[in-house]
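These numbers come from a predicted model, not from an experiment. In this chain, numbering begins with 1 at the start of the sequence shown.
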Amino acid sequence: MQKVKELHRTISTTDKAKTVATWLRDKKAIDIIALDVRGISPITESLVVATASSVRHAQGLANHILDKVSEEKLEYLGMEGSQQGSWILIDLNDVLVHIFQTDNRQFYNIEGLWSEGTPIELPFHADD
């Protein structure tokens, strides 16, 4: 009997959030945070939120994440908002990635909405 080839690599939610945050930092995203929202969100286990300096930068960040997800064989469910680039949402199943323009990040206040979430310590400092 042949083994069924695994389509997606398994990685803990926290490690996935940290990895995605690092990918964003590598491409110069601003003010990156990650929150563990297990038990308070019915749709995901963690969030990664970052700000882009322009629409083109946001689109580049999103494309970079999709390239890395494919390369690392991580689960990807979909993306919204990439054409406009003011708020891009990437669904990695247990991790939702939000890439905002500054004004939209302040307006939608995702951090405030999920303030009960537990901050995930990232492998870099916010001002790196």
Exercise for review: Answer yes or no: are there more than 12 heavy-atom neighbours, outside E72 itself, under 6.0 Å from its atom CD?
Suggested key: yes

Review point. Is K16 reaching over with its side chain to a backbone N or O of L92, donor-acceptor style, under 3.5 angstrom?
Key: yes

Practice item. Output every pair passing side-chain hydrogen bond (donor to acceptor under 3.5 Å, both in side chains) with a member in residues 42-53, not counting sequence neighbours, ordered by first then second residue. Key: T13-E45, T51-R105, S53-H57

Point to revise | Test item: L24 and V97 side chains (from C-beta on) under 4.5 Å apart, heavy atoms | key: yes

Point to revise | Test item: N93 side-chain N/O and E75 main-chain N/O as donor-acceptor pair under 3.5 Å | key: no

Exercise for review: Just say parallel, tilted or perpendicular for the rings of W87 and H98, cut-offs at 30° and 60°.
Suggested key: tilted

Exercise for review: Could you check N109, V49, I40 and say which one makes a side chain to side chain contact (heavy atoms under 4.5 Å, CB included) with W114?
Suggested key: I40

Check your understanding: Between the side chain of Q101 and the main-chain N/O of S54, is any donor-acceptor distance below 3.5 Å?
Key -> yes

Check your understanding: Which pair of heavy atoms, one from G81 and one from I88, lies closest together, and at what distance?
Key -> O-CG1, 3.5 Å

**Study point:** side-chain contact (heavy atoms from CB on, under 4.5 Å) between I90 and V69, intermediate numbers included
**Key:** CA-CA 11 Å; I90 303 170; V69 162; over 6 Å; no

Check your understanding: Would a hydrophobic clustering, with Ile, Leu, Val, Met, Phe, Trp and Tyr connected at side-chain separations under 4.5 Å, put M79 with V55?
Key -> no

Practice item. Assess whether atom NZ of K27 is packed by more than 12 heavy atoms of other residues, nucleotides or ligands within 6.0 Å. Key: no

Practice item. Decide if atom CD of E116 counts as having more than 12 heavy atoms of other residues, nucleotides or ligands within a radius under 6.0 Å. Key: no

Exercise for review: Could you please spell out the steps behind the side-chain contact (heavy atoms from CB on, under 4.5 Å) verdict for V48 and I120?
Suggested key: CA-CA 9 Å; V48 176; I120 297 172; over 6 Å; no

Point to revise | Main-chain N/O of L66 paired with S70 side-chain donor or acceptor, under 3.5 Å | key: no

Exercise for review: For a side-chain hydrogen bond (donor to acceptor under 3.5 Å, both in side chains) with S12, tell me which candidate from T14, T10, D15 qualifies.
Suggested key: D15

